Amino acid sequence: MSTTDDLPAPGGAPEPGPAPEPRHEAPPAGHDEPPPPHSAGPDGSDDAAPGPDGDRGHDEEPGEAADSPPDDETPRPAEPRARDAEDKYQAEALSVAAFNETFNNAMAFGGNAYTLNVGTAKGAELQLIRLNATETARQHQLHHPVAQQDRMAQTLREHHLVALAGPTGSGREGTGTFLLADRCGSDHVAVLHSAEADVLQALIAQARRFLKPGEGVLVGLGARLPGQSTLKALGLLAREIGAYVVLVVKETGTDDDLPAPYSFRHRRAELRPVLEAHLRSALDVHRARCTDRDRCDRAGLRRFADGVLDDARVSGKLDAARTVDWVTSFARNIAACLHGPEDALDVLLDTPHEDLRSLARRFLKLSEAQDTDEPSASEAETHHQAVRISYVLGHDLPLSDVLRMGTRLSAEMLRAEYRESAPARPVFELDLDRLVAPGMGIAAEPGAHLADNPRRARLTDPELMPAVVEVIWHGFGWLRDPLVAWLRAMADDRLERVGTRAAVIVGHLLRHDFDGAYRDVVKDWARSPSVRDRRYAATALSVAMAAGDPRLTAQVARQVRDWAGSPRPQLQDSAARAYGTQVGTQDVPGTLRALRDLAGRPALDPYASVAYSTATLFLAKDGAEPVTEALGQWIRSDDGHLPRHAVRTLLVLGPLAAGPELLFRSTLAHQAMGSPAREETLLLLWQRALIDPAHSGQAWHQLRDWLVAADEDPELSLFLEKFALRVWQPRVLSRRAVFHLSIWARQQPGARLVAQLLRALRGR
C-alpha cells in the first residue's frame, strides 16, 4: 500500500504511486512542537486536507510562508514555549524530521478508523475505532454494576482518566465502555488499539490527534500497568482537551498497590444477573422479529426465561464460565432454542462447557509445546502448581487439608527437580483466590459456599478431578515419582479423609495405567500390616471398577481373587474388604460364596472385614434375601469361625433403621416380624452374640437400644416382648438379662418395655 504526504479524508483511498523519500531536515530553532504536514487542496490552494474526523488541518505556523517548499531550511521566528503537558512531551520525544517521516507513513482505513505510525517509521501503530452507538447504548442498558463502580465513575469525572486492572474475562472492557458511554454518550465512544507495547506513550505524544472534546476512548494496555507519572500526564492532557480515557490492564496476580487515584482492581460481576438481563433482552429481540405472535407472547417468554434460570444445570454452566462474554453468548444460544427442536435446550444445557482435559492442561499451566519431561525452573511456580493440583484433587475437602496436601506435593516436586532436600516449610506467596480464581473454569463461584465451616474446595464439575489425574500422569513425565511419593504420604496422614482421597486418586490412576499404579502403590497397601492401608487398597480397586470398562472390571476381579487365594493374611483381609465395595455388589451370590470361604479361615478371625462386606451386600439391590439366608447357614455351621463372622454382621446391621417412616425399628427386626424363618435366624444370632465373650458387651448395649426404641413403636414393642423372652430362655442368658434389665431400669425409669420384661423374668 502506497503512502502520500496527505492525510486522506474519511473513506478516501490513497493515491497510487511510490512512497516519497524521507526528508532529512533539521528541526527549526525555537520550536517545541512539530509543524503539521501540508498538502494542496482540491483547488490547488495550500489548505490542509481534512483529518480523519473531518477537521481541517492546523493553521500555518507564524512566520512561515504558506507556500514554503518542503526543503526550505530558513530559520523561523521563535515561538513561546508550549504550556500544556502534551507539547512538552512532544518537544522531548519527537523532532520535526521524525514527525515528518512518521506522517509520510500514515495510512487511511476508511470512515471511522485510521492508523498512524508515531515517533518513527517503526513506532507504535495506533488504530481508532468508533463504537456503534446503538450497540453501545444496548450494552449500557444491560450492564450489571461491579464492585466500586461508583468510585470508578467519580474518578473518571474528576480526573478524566481511570485504569481498570482485572483478570481476563472479568468484563473490564464492558465496564469501561459503560463508564465512557455514561459520561460522554453512546455515540461518542471509541476504542484505541495497537499491537505494539508502547501504545500509551504514543497516545500521550499525539493526544490531540486522538482525543477530542467530549469524547471517550477505551485503551487496552495488556499486562503493563503504567506508573503514577504516566497516568498523571495522560490525565492532565485528557482534562485539558476535555476528553475521557479508560485504560484496561490485565491483572498480573501480584498484590502491589495500584497507582492512586486513577486505578482500581476490577472484579467480575455476579453472573446470574448478567445472564438474566441478556436472556430477557435476547427474547425481546426475538419477539420483535418473530412472525408467530401466538407463540411469542410476553407471558410465554417470561415463563420460558424463568424456567431456564431455575434449572440447576444453568448454575453449573455459570460456575464453569470463565468470561462474561461467554455468559452473554450463552444467553443468546438459550434464546435461539425457543422455537428449535424439543430437545434443543436440553442438548445445550447438557453439553459439557469445555473439554475437561484441555481445561485441566491450561489450568495446570501445561503448554502443548512444553517439553513435558523437564520440570520448571521456578520454585514459586512449582509450589503454585502443586497447590493447583491439590485443589482439584481435594474437591470437597476443607481448604486447610488442601493447603497441607499442596505443601507436601510441592516438597516432593522440588525434591525431584533439584535432587536435594526440599525446604520443610516453603515460603511463597499463596493466595487461592488468585491461583484458583472462579473465572478459570475450575473453581465454583465462592458466594454460595462462604458460609461453609470449614471452607471447602469446590469444582465447577467433579469430573475435573479424573481429568486432572490423567493429564498429570501422561502429561508430566517427571511428575510421576513425586506423585506416587505424595500419595503414599497422604495415606499416612492423621486424617482418614485425606488418606481416603489418596485412595480415590490411585483408583483413577488405575483406570489409565493399572499395572503401573498397582505396582507402585496398591500392591504395598494390600500387603501392609495397617488396616487403613488395606482399606485404601480396596477403595482404589472399587474406584477403578466404577469406570465401567469391561476389561478393567475383569482385571480388578482377577486381582481380588488372587488376593483371596494368597496364603498371606493381609492379602486375604484386603480381598474381604474389596468384596464390600462395588467389586462385590455386582454379583452378590458369587461374592457371598467367596466371603464364606474367607470367613472359614483362621487368619481372618481378628478382623471385621467379612462382617462389613456382608453388611454392604445386604444393603445392595436384591441383596437382603441372599445375605439373610447366608447368615442363617453361617450361624448354624459347626465351623467355629463362621458363627463369629455372622454375629459381627448382626452387630453391624443392628442399628440400621427399616426406613424413614420406621426410624425406631431395626431392619433385621422388621424382616423377622414378617417371616418365621428369619425370626429363627435372628434368634440364633442374638443368643450367640449375647454369650460370645468377644462381643457380648456390645450385643447387650445394642439390644437395650432396640428395647428402648420400641416404646415409640407399639407394633415393634409387641414383637420384642415375646422375642426377647425367647432369646433369654436359656438359664445362663436369663440370669444375665435380669442383671442388665435392672441396671437399665434404674438408668431409664421411663422405659416401659424394659420394666415389663424385668417383671416377666422375675416372675418366672
Side-chain angles (χ1 to χ4, degrees), residues 111-112 129-146 149 153 169-191 216 218 268-354 439 441 445 447-448 460:
N112 63 354
I129 303 175
R130 299 193 182 280
L131 298 183
N132 180 274
T134 302
E135 180 61 25
T136 302
R138 177 178 174 274
Q139 293 181 10
H140 184 274
Q141 181 182 6
L142 298 177
H143 177 75
H144 186 72
V146 299
Q149 183 166 302
S170 62
R172 300 163 301 172
E173 293 84 357
T175 301
T177 302
F178 175 89
L179 294 173
L180 292 173
D182 204 47
R183 189 66 191 155
C184 306
S186 301
D187 55 344
H188 290 84
V189 180
V191 174
L218 184 72
R268 192 170 67 178
E270 291 289 336
L271 294 185
R272 179 167 290 277
V274 174
L275 175 65
E276 180 176 1
H278 283 266
L279 174 59
R280 297 191 188 279
S281 175
L283 291 174
D284 288 341
V285 172
H286 171 84
R287 181 177 180 276
R289 298 174 179 174
C290 185
T291 57
D292 190 350
R293 292 291 181 179
D294 294 336
R295 298 178 63 186
C296 283
D297 62 293
R298 293 187 182 276
L301 294 181
R302 187 163 50 251
R303 287 193 300 270
F304 175 80
D306 292 342
V308 169
L309 294 171
D310 290 339
D311 196 308
R313 293 172 294 180
V314 171
S315 297
K317 292 284 189 179
L318 293 179
D319 283 342
R322 294 191 299 111
T323 67
V324 175
D325 286 343
W326 184 90
V327 176
T328 61
S329 175
F330 181 51
R332 293 192 295 270
N333 291 337
I334 293 175
C337 296
L338 186 62
H339 295 334
E342 292 184 2
D343 62 343
L345 182 60
D346 289 332
V347 170
L348 176 65
L349 298 181
D350 291 333
T351 301
H353 179 77
E354 185 177 2
E445 288 286 356
T460 60

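Being a predicted model, the structure only gives us computed values, none of them experimental.
Looking at every heavy atom in both residues, Leu283 comes nearest to Ala305 through CD1-CB, 3.8 Å. In terms of heavy atoms, Ala331 sits closest to Leu275 at CB-CD1, 3.7 Å. Annotation for Ala269 and Val274: closest pair CB-CG2, 4.5 Å, computed over non-hydrogen atoms.
Looking at residues two or more places apart in sequence or on another chain, you find a side-chain hydrogen bond (donor to acceptor under 3.5 Å, both in side chains) between Arg183 and Tyr244. The ring-ring contact (aromatic ring centres under 6.0 Å, His included) check on His144 picks up nothing, with sequence neighbours excluded. Legend: residues meeting side-chain contact (heavy atoms from CB on, under 4.5 Å) with Ala190, ordered by chain and number and at least two apart, are Leu128, Arg130. Residues meeting the side-chain contact (heavy atoms from CB on, under 4.5 Å) test with Leu142, sequence neighbours left out: Arg138, Ala277, His278, Ser281. Scored by the side-chain hydrogen bond (donor to acceptor under 3.5 Å, both in side chains) test, Arg313 finds Asp311, Asp346, Asp350 as partners (sequence neighbours excluded). Partners of Ala181 by side-chain contact (heavy atoms from CB on, under 4.5 Å), not counting sequence neighbours, listed by chain and number: Thr136, His140, Ser186, Val189. Remark: Phe330 pairs with Trp326 by the ring-ring contact (aromatic ring centres under 6.0 Å, His included) rule, at least two apart or across chains. Contacts of Ala312 classified as side-chain contact (heavy atoms from CB on, under 4.5 Å), with partners at least two apart in sequence or in another chain: none. Partners of Asp187 according to the side-chain hydrogen bond (donor to acceptor under 3.5 Å, both in side chains) rule, which considers only residues two or more places apart in sequence or in another chain, do not exist here. Listed by chain and residue number, nothing satisfies the salt bridge (charged side-chain N to carboxylate O under 4.0 Å, His left out) test with Glu173 (two or more places apart in sequence, or in another chain). Gln149 meets the side-chain hydrogen bond (donor to acceptor under 3.5 Å, both in side chains) test with His143; sequence neighbours excluded.
Heavy-atom neighbours of Gln141 CD from other residues, nucleotides or ligands within 6.0 Å: at or below the threshold of 12.
For the pair Glu276 and Arg272, the salt-bridge criterion is not met [side-chain N within less than 4.0 Å of a carboxylate O]. Under the 4.0 Å criterion applied to side-chain N and carboxylate O atoms, Arg302 and Asp297 are not assigned as salt-bridge partners.
Evaluation of the side chain to side chain donor-acceptor pair (under 3.5 Å) test over residues 327-336, restricted to residues two or more places apart or in two chains, returns none.
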